[in-house]
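Worksheet: the structure to be examined is printed underneath.
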Amino acid sequence: MRRLRDVGEHAWLKRVIARLGRVTDSRRILVGPGDDAAVVRASGRPLVLTTDTLIEDVHFRPGWSTPAALGRRAFAVNASDLAAMGGVPRFALLALEAPGGMRVADLDAVTTGFAEAARRAGARLVGGNLANGSHLAITVALIGEVPGRVVTRAGARAGDVLYVTGSLGAAGLAVRRRRLPAAPDRVRAGVVLAPVASAMIDVSDGLLQDLGHLCRASRVGAEVEIGRLPVASACRRALGSRAAEFAATAGEDYELVVAVPPGRERRLLALRRRLGCRVTRIGRLVRGPARVRVVDPAGRSLRIDRRGFDHFGR
Ligand SMILES: [Mg+2]
């Protein structure tokens with residue numbers, strides 16, 4: 001009998017999406033399962049939908065942060081998936097599982113932290129659920145609008161240039177130090193980048209692994225220049241010569257990886273001041289198998305075995 005741990009998170013998702021068959025229809029479902037978020041059309045307008053769960057002892061441990069920070073992070077990691085589509089969150093649902101022994105003030109703080117983060121981003125908490133469970137689990141569903149263009153993982157071509165927002169590695173380092181990492185707000189950056197992007201994905205499980213998803217969806221290969229990665233200074237200080245490799249694989253960053261056709265690169269650079277964060281050129285997409293090659297400053301391939309996070313360890 002095959003178990004989940006034999007298959008792995010990403011392989012299981014791929015199988016079930018294939019089994020569901022083609023869900024996209026050009027009238028009402030613009031992007032089906034398998035991207036950062038689904039895009040549907042309701043009353044003529046595109047809506048982006050996403051859901052995700054944070055689970056105690058899986059994504060965080062008790063005592064890593066305040067309950068309010070946990071609520072804020074639950075919102076931010078979901079908003080990140082909408083940002084990767086060029087979407088802006090508008091409505092949120094919050095389904096909580098918590099043990100009966102949990103302090104009421106703590107669950108209140110999770111919820112108000114979440115609601116305040118939503119409100120700052122222009123969204124409102126409009127419903128949810130509470131159920132008894134052995135651990136705290138925070139499940140979020142977000143519904144958002146797309147002010148401009150919908151960007152998927154699938155539109156990139158060989159020759160496109162790869163950029164990443166913000167910096168990498170600080171969040172992975174926080175997890176290693178048993179602290180809840182902060183997740184950046186990239187909603188504005190996603191909207192600003194959408195008109196020049198051919199494809200976009202957010203970095204949740206590790207840059208190399210998430211970029212691999214973009215490559216498979218776009219049917220291209222990628223070359224990442226490790227020396228160009230915007231490694232967070234805390235990560236550089238802590239890990240020295242190993243910092244760049246750690247930053248490329250640790251995940252939890254919630255930055256955006258963007259593919260940009262060379263002809264739109266000047267427009268991207270002109271947009272930089274409106275992003276609210278830095279954006280760094282890290283490599284390019286190439287013809288060939290959907291693999292991510294990492295190269296050192298001399299152009300030599302580096303072998304990096306660990307690529308990113310999978311819930312079932314594959
Ligand atoms: Mg994502």
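Whatever order the structure lists ligands and atoms in, that order sets their numbers, starting from 1. Everything quoted here is computed from the prediction, not taken from an experiment. Nothing fancy with the numbering, it's 1 onward along the sequence.
No side-chain heavy atom of Ser218 sits less than 4.5 Å from a side-chain heavy atom of Leu285.
Without hydrogens or angle criteria, Asp106 side chain to Met102 main chain gives no donor-acceptor distance under 3.5 Å.
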- Intermediate values then yes/no, side-chain contact (heavy atoms from CB on, under 4.5 Å), Val257 and Leu207: CA-CA 8 Å; Val257 180; Leu207 171 75; 3.5 Å; yes

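Counting only distances under 2.8 Å, and ignoring water, the protein N, O or S atoms around the Mg ion (ligand 1) are Asp36 OD1, Asp81 OD1, Asp202 OD1.
Around atom CZ of Arg266, no more than 12 heavy atoms belonging to other residues, nucleotides or ligands sit under 6.0 Å away.
In this structure, His213 and His10 have tilted ring planes: the angle between them lies in the 30° to 60° band.
Using a 4.0 Å cut-off between charged side-chain N and carboxylate O, Glu252 and Arg73 make a salt bridge.
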